[in-house]
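Here's the structure, in structure tokens; my notes come after.
When a ligand or atom number is given, it counts from 1 through the structure's own listing order.
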Amino acid sequence: MTGTSKKRTDLNDKPVVDTAIIGAGFAGIGAAIRLRQSGVEDFVLLERDTRPGGTWRDNTYPGAACDIPSRLYSYSFAPNPDWSKTYSGSAEILSYIDTMVADHDLDRRIRYGATVTGVVFDEANGVWECAIADSDPLYARTVVVASGPLSTPGYPDITGIEEFAGKRMHSADWDHDYDFTGKKVGVIGTGASGVQVIPELVRSAAQVSVFQRTPGWVLPRINPSVSARTKKAYARIPLLQSASRAAWFWGHESVALGVVWNSPLTRVVEAVSKISMRAQVKDPWMRRQLTPDFRAGCKRLLMTSAYYPALQEDNCRLITWPIARISEKGVRTVEGVEHQFDALVFATGFEVSKQGTPIPITGRDGRVLGDEWSRGAYAYKSIAVSGYPNLYFTFGPNSGPGHSSALVYMEAQIDAIVMAVTTVLRRRLAVLDVHPTAQADYNADIQRRLEKTTWNSGCKSWYLTEDGFNATMFPGFASQYVAQMRGIDLTHDFTAVALAPDD
Ligand code: N01
């Protein structure tokens, strides 16, 4: 639907770029590549750090790796024949991102050290003003918010946390100069990051105490190296890489039947996990402590073959007493024991903004997105929100997979966003704004479908708000998500405003 032309007021000759991308992590870099491939050259990436990479730049703790196979945890438009293993470590993934930046000549388009402090829609001009700390604002027709939901390390709200006099470290902010050799270390958190870092600490430290609040469902992760011959074959025959990606994709789609929906197949996943635990953990007391009391998939599945063996090493202790407080010397548990440490490692996840976006966003008529999302975020097909024209999210509301690669979802979002950007340019539109009815219908359907999923089956996780609203996950197969993004209808579901003739 196209609305009436809008006469724009003067921007006083301030330069306006077509597109500003906030964040030079996986999503931002992917969006930049696809914009270039679609002929859009007038864009800028705004990155708060001094180098690209996002989560893979920040998460460098020992053992940091991806628990999704690299063939699927990469872009189909940037295949890499050289992955050294089935599941790659953090350094190799970061190097893949660096290679994409170099191959697509993106470095000169990234403004490093540019922390976006807010974006405000200038309705008269159909332009977004991006405020940047210690710098002039940047004006852009379109904004892509690619800053990621899990970028700020989250410390737990435990009394006395500031009192600890030893070394304090977060898994997402690792101090590589600190030597753990010979040290007594406490680790709080046994989620996806915790189970990766604990085996490495057990290898290097004198003693490791693992404070577990909730045990997770663990599945084995077998990670063979890729031979030089196979890599050569991948490089020579690109079809082989596509075939391997497709095989992983459909394999994960079948896993969805057990972990996305609370179904009889969920019991199969749980049985596999229990059998694997019985084979690895000899002590019945420890097995009981490690057995979850929620449906598999409700919290993220933990993919590791190193965690259970590490817990049983002589220098490792599993502590399941709840933490009462942190003291100057260590951690006191509720039964009154003080555990003393040289270092405390927090693998306690990230600050998930209640408002769903870490950047204040002001749209049409002074609407503030954080206020509108205060009871839980929502969007049209996870990328656009009515009243915030020409502004798009990657990894926005309800776009998280529980069984597949986030990159598959991201690629589908990016392609939809690039389609919107190129449509605005081709049809000489001022703005595209999603229709409130299309947005409401979509979200009603999403929330109805979420009721039948494992995520809403009763456990606590970062997927849910305090009130239990699920603004994080997509209730379906990855193939359904990709299909819905390809099917976005800009004519029917969006309102378009054409530029005035003299613009
Ligand atoms: O963080 P988490 P994470 N007292 O929030 C515990 C991605 N990721 O960094 O379960 C005691 O999952 C908390 O306990 P509980 C992935 O999307 C991906 O591990 O709340 N314990 C839990 O054990 C993942 O979902 C990869 O009871 C406290 C842990 O800290 C996301 O990042 C690898 C506590 C936090 O677990 C976050 O994972 C790693 C307290 N007060 C991460 N507060 C890949 O391989 C918290 N905890 C792709």
Side-chain angles (χ1 to χ4, degrees), residues 25-26 54-56 58-70 72-74 85-90 92-94 148-161 169-174 186-198 200 209-219 221 223 252 259 289-290 292-294 297-304 306-307 318-326 331-334 339 344-352 395 399-410 455 459-464 466 472-473:
F26 245 126
T55 198
W56 298 104
D58 297 340
N59 284 270
T60 60
Y61 56 84
C66 187
D67 54 17
I68 297 287
S70 310
L72 205 53
Y73 196 81
S74 49
K85 290 186 161 194
T86 302
Y87 301 91
S88 300
S90 139
E92 195 171 0
I93 299 171
L94 188 58
L150 304 177
S151 54
T152 309
Y155 285 89
D157 188 14
I158 300 176
T159 310
I161 188 166
M169 222 183 282
H170 193 283
S171 54
D173 186 18
W174 203 258
V187 183
I188 301 178
T190 54
S193 303
V195 300
Q196 290 184 343
V197 74
I198 287 163
E200 296 300 320
S209 300
V210 176
F211 293 90
Q212 170 194 277
R213 187 165 67 177
T214 315
W217 288 101
V218 175
L219 289 176
R221 192 189 74 152
N223 195 15
H252 280 75
V259 298
Q289 305 305 311
L290 292 173
D293 62 357
F294 56 86
C298 189
K299 283 169 179 279
R300 197 178 208 281
L301 285 177
L302 306 173
M303 307 289 297
T304 168
Y307 179 55
L318 176 66
I319 298 171
T320 54
W321 286 101
I323 296 171
R325 62 165 294 137
I326 293 176
V331 174
R332 191 169 303 150
T333 39
V334 288
H339 305 266
L344 263 185
V345 169
F346 293 89
T348 43
F350 299 84
E351 267 177 28
V352 184
F395 234 135
S399 65
H403 67 287
S404 188
S405 168
L407 271 279
V408 169
Y409 289 61
M410 231 179 247
W455 310 307
C459 74
K460 270 195 151 193
S461 75
W462 68 266
Y463 299 157
L464 308 178
E466 285 291 313
T472 312
M473 308 302 276

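Side-chain rings of Tyr73 and Phe26 approach one another, their centers coming within less than 6.0 Å.
When every heavy atom of Tyr307 is checked against every heavy atom of Val210, the shortest pair comes out as OH-CG1, 4.1 Å.
Among residues two or more places apart in sequence or in another chain, the disulfide bond (SG atoms under 2.5 Å apart) test is passed with Cys66 by none. A search for side chain to side chain contact (heavy atoms under 4.5 Å, CB included) contacts involving Trp174 returns Thr60, Tyr61, Pro62, Met169, His176, Phe180, Val197, Leu201, Val345, not counting sequence neighbours. In this structure Arg325 satisfies the salt bridge (charged side-chain N to carboxylate O under 4.0 Å, His left out) test together with Glu163, sequence neighbours excluded.
Near ligand 1, residues Tyr61, Ala65, Cys66, Asp67, Leu150, Pro156, Ile158, Ile188, Gly189, Thr190, Gly191, Ala192, Ser193, Gln196, Arg213, Thr214, Lys299, Arg300, Ala347, Thr348, Gly349, Phe350, Trp462 come within 4.0 angstrom through at least one heavy atom.
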### Message
Checking Ile158 against Val331 for the side chain to side chain contact (heavy atoms under 4.5 Å, CB included) test, could you report, in this order, the C-alpha distance in whole Å, the side-chain angles of both residues, the deciding distance, and whether it holds?
### Response
CA-CA 10 Å; Ile158 300 176; Val331 174; over 6 Å; no
